Amino acid sequence: MAVRSWIAGVQNSQTLSVFADKSFTGAWAGVLETARKEFNALMKTRGVKLSITKAGDAATANIVLRSASDHANVNYNNQDFPKSFDGTYTHGLTRRMEDPSTNLVEKAFVFVPATPRVDRTNKKSREVGHKVRRFILVHEFIHAAGVGDGSPSDPEHTLEDVFCSHLTVVEGSNAAGDTARTQGKGAKEMPPFEINDKTVRNLKTAWPS
């Protein structure tokens with residue numbers, strides 16, 4: 001089970017601070033604040049003792065937020081962690097830096113796609129709107145909190161809530177009308193966003209009250 005807790009100082013604070021670096025621009029502007037509030041509301045409603053606050057800089061932030069087109073590379077403690085990334089896909093990537101001796105999380109880097117498209121196989125396809133971007137970011141915040149390893153086969157992923165392994169874009173008449181559809185027999189269009197009992201259990205494992 002890929003559920004990890006954060007180091008003691010962060011764990012005890014029951015908060016994660018986030019900072020968006022200069023790459024988090026363009027159509028992503030404004031998504032952080034709405035996604036942060038959405039995440040916090042979900043945690044409060046479902047009884048998870050965790051909230052996300054804003055940090056003043058990348059050095060002090062628990063979560064560093066970036067957008068990327070081709071690579072989701074991280075340099076941490078003078079060590080490079082390279083990784084390829086598809087900047088047109090409607091899925092982000094979270095890279096948690098963990099203490100190898102304890103598996104406790106020390107910092108997280110969240111990458112969102114620079115140009116997520118309705119149809120990533122079509123270069124002329126337009127980019128998705130704010131609601132779908134918010135879905136992507138709330139999903140990655142759950143990874144940053146310690147749940148799952150982010151791979152497509154990640155057993156902590158779900159089908160029918162915001163932590164589903166893949167979303168389907170329901171294209172609106174314009175970007176503002178786009179929504180995200182989950183999977184499975186109980187597939188839903190979101191927002192409003194939901195987290196199911198499985199996701200809640202995993203979050204409470206990572207953040208026990």
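Computed from a predicted structure; not experimentally measured.
- When all heavy atoms of Ala58 and Lys107 are compared, the closest pair comes out as O-NZ, 2.9 Å.
- The hydrophobic clustering, which links ILVMFWY residues whose side-chain heavy atoms are closer than 4.5 Å, places Phe135 and Val200 together.
- Both tests do not hold together for Arg95 against Phe109: distance to the six-membered ring centre under 6.0 Å, angle to the ring axis within 45°.
- Tested against His139, the residues Phe39, Phe163, Phe193 include a single ring pair (Phe, Tyr, Trp, His ring centres under 6.0 Å) partner, Phe163.
- Scanning both residues, Asp161 and Asn196, for their nearest heavy atoms gives OD2-N, 2.8 Å.
- For Asp197 and Arg46, the salt-bridge test passes: some basic side-chain N is under 4.0 Å from an acidic carboxylate O.
- Between the side chains of Asn202 and Thr199, no donor N or O sits under 3.5 Å from an acceptor N or O.
- In summary, the side chains of Thr182 and Glu160 do not present any donor paired with an acceptor at a separation below 3.5 Å, with no hydrogens or angles considered.
- Taking the salt bridge (charged side-chain N to carboxylate O under 4.0 Å, His left out) definition, one finds that Glu106 meets it with nothing, sequence neighbours left out.
- The aromatic rings of His143 and His157 lie perpendicular to each other, with more than 60° between the two planes, well past the 30° mark.
- Sorted by first and then second residue, the salt bridge (Lys or Arg N to Asp or Glu O under 4.0 Å) pairs involving residues 58-83 (not counting sequence neighbours) are Asp21-Arg66.
- The hydrophobic clustering, which links ILVMFWY residues whose side-chain heavy atoms are closer than 4.5 Å, places Ile63 and Leu93 apart.
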